[in-house]
Every structure is written in structure tokens, then in C-alpha cells.
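Here is the naming used below: chain letters follow the sequence lines, and residue numbers restart at 1 for every chain.
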Protein chains: 2
Amino acid sequence: MEPIAHSAADALFRALGDPTRRTLFERLARSELTVRALTEGAGISQPAVSKHLAVLKGAGLVLDRPQGRETHYRANPRGLAPLLDWMRLHEAMWADSFDRLEDLLRRMDQ
Amino acid sequence: MEPIAHSAADALFRALGDPTRRTLFERLARSELTVRALTEGAGISQPAVSKHLAVLKGAGLVLDRPQGRETHYRANPRGLAPLLDWMRLHEAMWADSFDRLEDLLRRMDQ
DNA sequence: CCAATCCATAACCATGTGGTTATTCAAATC
DNA sequence: GATTTGAATAACCACATGGTTATGGATTGG
């Protein structure tokens with residue numbers, strides 16, 4: 001249920017604001033993993049992991065690939081694009097540091 | 001549920017995750033404003049604005065300049081640096097994924 | 001076919017968060 | 001000096017959030 005129209009950046013910031021969730025995302029950025037594999041070492045229960053994954057998926061940060069009874073998750077390479085878009089709005093505040101990321105964004109948009 | 005390692009990126013993501021707070025930050029990125037000026041047009045009470053400003057200040061996103069009975073706030077030009085650092089940390093990761101994909105496509109072409 | 005496994009969902013609980021109004025203190029203004 | 005004004009703090013409240021255990025549906029394996 002979404003009574004208010006949140007921007008894409010909203011969902012991204014909120015999703016990444018939780019350290020546990022950000023850790024899950026970082027693990028998925030390295031390799032595709034099942035929920036089972038993610039649960040091991042996460043320090044929380046499997047349902048908690050599933051809920052975090054649902055949030056990450058809702059923010060467009062991860063993609064899921066159901067295969068039989070297990071679900072494989074991986075990072076969405078373009079998931080961070082809206083975050084880069086938002087940061088570009090404030091480019092003036094740190095323009096000198098922005099060039100490399102801007103270049104990356106261009107490559108991701110291909 | 002005791003997140004021990006609270007990184008700077010944590011505070012940034014959490015602070016920017018709230019749309020009201022991000023709007024305040026964006027206004028301050030344009031010009032320095034008093035709490036009074038920020039409250040007008042924010043749609044919330046003055047104490048609510050003050051609390052948001054305290055969060056933004058805690059995240060290093062804004063700086064305050066008390067002057068007499070009013071306090072002027074402005075965006076901290078270096079406030080977004082940790083966020084940029086976090087993205088740079090993952091830049092290599094994205095690039096790797098991207099390179100692997102390019103590599104795969106190249107091999108398929110032959 | 002039956003049992004075990006993987007994952008999502010439901011139901012619940014404690015704490016955090018964002019808002020309010022009331023209050024206080026310092027500083028302008030009269 | 002008295003009053004008004006700006007901003008932070010306190011006290012409180014409703015709801016969101018992140019965790020748990022319990023459950024169920026689908027799939028795999030013996």
C-alpha cells in the first residue's frame with residue numbers, strides 16, 4: 001500500500017539506511033545467492049532475511065530468480081541509478097569528485 | 001538487535017530517507033535559512049523542523065550558525081562525501097559486473 | 001508416497017520515528 | 001522593565017519498523 005507517492009530516491013535511501021539490509025545488498029553485489037545462503041551468517045532468522053529482501057526488491061536494488069523451491073537473489077546493476085540521479089542535482093556541492101561516478105552512470109545506462 | 005558499527009553512511013542514508021528531511025536539505029543547499037523561514041512552507045510545526053535539523057546536523061549534512069535569537073542553517077558542502085565514498089567503494093563492483101557482462105558478450109560474438 | 005527442505009506469509013511484540021502541544025530560555029522590541 | 005519573538009527541549013501519542021515464532025505451499029529426495 002502506497003498512499004503517498006514516494007520518489008525512487010526515497011525507497012533507495014530508506015532501504016540502504018538499515019545496516020543489515022545494506023550488508024545483504026553488498027553481499028548480493030558480489031555474487032548471486034539463495035535466501036538460505038544469505039540467512040547463514042546474517043545473524044537473523046530466515047523470515048527476517050526474506051522481509052529485507054522484499055524491501056530491497058521494492059527499491060529496485062535486487063532482482064530475484066525463482067528456481068524450483070529456492071529463490072536466487074542478485075544485485076540489480078542499475079538499482080543505484082536513481083541515487084546517482086539525485087546526487088547529480090547537488091553536483092555543485094562536490095563537482096570535483098563527481099566525474100568518475102558520472103562516467104559510471106553513463107556506462108550503466110547503455 | 002544492536003547495530004554496533006554505525007557508519008557515517010548509515011546516518012546519511014537514514015537522514016535522507018525521510019522526504020520531509022530531504023526537502024529541508026535541498027532548500028538549505030540553495031541558500032542559508034533560519035528555522036523560522038524553513039518552518040514556513042514546510043507544512044509542519046517549528047519543533048518538528050528543529051528535530052529534523054538536529055538529525056541533519058548529526059549526519060553532517062547541515063551546519064548551523066546561531067546569531068542572536070535566531071539560528072541560520074546551511075548545507076554542509078562536504079556532507080555528502082561519505083555517501084560518495086560508499087558509492088565509490090562499490091564502483092569497482094559494478095564495473096566488474098559490467099566488465100564480466102561485456103566479456104561474456106564478446107565471447108559470444110566469436 | 002512420505003519426509004525433508006526452501007521460502008514466503010501471518011501473527012505478534014518491542015522499539016524507533018515523526019508528529020503534536022506545552023514550556024522554557026535568550027534575545028529583540030516597545 | 002515588560003512584552004514579544006525565535007528556537008530548542010520536554011512530554012506525549014500514533015504508527016512504522018525490525019525482529020521473533022508459527023504456519024503453509026511448493027519442490028525435491030528417499
Side-chain angles (χ1 to χ4, degrees), chain A residues 1-7 9-28 31-59 61-74, chain B residues 1-7 9-28 31-59 61-74:
Chain A
M1 291 188 294
E2 297 196 32
I4 301 176
H6 294 288
S7 71
D10 262 315
L12 280 179
F13 280 124
R14 294 188 73 84
L16 295 172
D18 182 75
T20 302
R21 209 149 44 212
R22 210 168 61 246
T23 300
L24 288 174
F25 172 72
E26 290 168 358
R27 288 180 65 189
L28 290 174
S31 66
E32 183 178 89
L33 293 169
T34 66
V35 176
R36 179 73 174 153
L38 282 168
T39 300
E40 294 171 6
I44 54 178
S45 65
Q46 172 264 312
V49 171
S50 284
K51 287 205 287 185
H52 280 309
L53 290 172
V55 173
L56 289 172
K57 183 180 173 184
L61 283 168
V62 302
L63 303 170
D64 61 336
R65 183 172 62 85
Q67 183 182 29
R69 66 180 165 184
E70 54 189 12
T71 308
H72 299 255
Y73 282 86
R74 65 185 185 282
Chain B
M1 51 178 177
E2 187 108 5
I4 301 163
H6 211 64
S7 73
D10 262 316
L12 279 180
F13 280 123
R14 294 187 71 85
L16 295 172
D18 181 75
T20 301
R21 211 148 42 212
R22 210 169 62 247
T23 299
L24 288 175
F25 172 72
E26 291 168 357
R27 288 179 65 189
L28 291 174
S31 66
E32 182 177 88
L33 292 169
T34 65
V35 177
R36 178 71 174 156
L38 282 168
T39 300
E40 293 171 6
I44 55 178
S45 65
Q46 172 264 312
V49 171
S50 283
K51 287 207 287 187
H52 281 309
L53 290 172
V55 173
L56 290 171
K57 183 180 173 184
L61 283 168
V62 302
L63 303 171
D64 61 337
R65 184 173 62 84
Q67 184 182 27
R69 66 181 166 185
E70 52 188 15
T71 307
H72 299 254
Y73 281 87
R74 64 185 186 280

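Between A:R21 and D:dT17 there is no side-chain N or O to OP1 or OP2 distance below 4.0 Å. Side-chain N/O atoms of B:T20 include one lying less than 4.0 angstrom from OP1 or OP2 on C:dG19. One finds a side-chain N or O of A:Y73 lying less than 4.0 angstrom from the OP1 or OP2 phosphate oxygen of C:dA8.
A:D64 contributes atom CG, which lies 9.0 Å from atom CG of A:L53 (distance to the nearest 0.5 angstrom). Note: B:T71 OG1 to B:L33 CG = 12.5 Å, rounded to the nearest 0.5 Å. In this structure, the separation between CG on A:D10 and CG on B:L16 is 10.0 Å, given to the nearest 0.5 Å.
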Would you give me the side-chain donor-acceptor pairs under 3.5 Å for residues 39-48 of chain A, sequence neighbours excluded?
| from | atom 1 | to | atom 2 | distance (Å) |
| --- | --- | --- | --- | --- |
| A:T39 | OG1 | A:V35 | O | 2.8 |
| A:S45 | OG | A:A48 | N | 3.4 |
| A:Q46 | NE2 | A:S50 | OG | 3.1 |

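Taking atom NZ of residue A:K51 and atom P of nucleotide C:dC13, one finds them 14 Å apart after rounding to whole Å. As a whole-Å value, the separation of B:L56 CG from C:dG18 P is 10 Å. With rounding to whole Å, A:K57 atom NZ is found 12 Å from C:dC7 atom C1'. Note: CG (A:D18) to C1' (C:dT17) measures 14 Å, nearest angstrom. One atom, CZ of B:R65, and another, C1' of D:dA7, lie 15 Å apart when rounded to the nearest Å. In this structure, B:R14 atom CZ and C:dG16 atom P are separated by 10 Å, rounded to whole Å. Rounded to a whole Å, the CG atom of B:L53 is 13 Å from the P atom of C:dG18. Taking atom CG on B:L33 and atom P on D:dG6, their separation rounds to 15 Å, with Å as the unit.
Closest to the side chain of B:V35, from the set D:dA7, D:dG18, C:dC7, is D:dA7. In this structure, of C:dC7, D:dG18, D:dT20, it is D:dG18 that holds the atom nearest to the side chain of A:H52. Picking from D:dG19, C:dT20, C:dG16 the nucleotide with the shortest atom distance to the side chain of A:I44 gives D:dG19. Comparing atom distances between the B:R36 side chain and each of D:dT9, D:dA16, D:dG6 picks out D:dG6 as nearest.
Here B:R65 pairs with B:E32 under the salt bridge (Lys or Arg N to Asp or Glu O under 4.0 Å) rule; sequence neighbours left out.
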Audit row: A:H72, A:T34, side chain to side chain contact (heavy atoms under 4.5 Å, CB included) steps and yes/no: CA-CA 4 Å; A:H72 299 255; A:T34 66; 3.5 Å; yes

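Counting any heavy atom pair closer than 4.0 Å across all strands shown, A:T34 reaches sugar-phosphate atoms only and no base atom.
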Set out, line by line, the N/O atom pairs under 3.5 Å between protein and nucleotides 21-29 of chain D.
| from | atom 1 | to | atom 2 | distance (Å) |
| --- | --- | --- | --- | --- |
| D:dT27 | O2 | A:R69 | NH1 | 3.3 |

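Of the possible donor and acceptor atoms, none in the side chain of B:R21 sits under 3.5 Å from a partner among the backbone N and O of B:L56.
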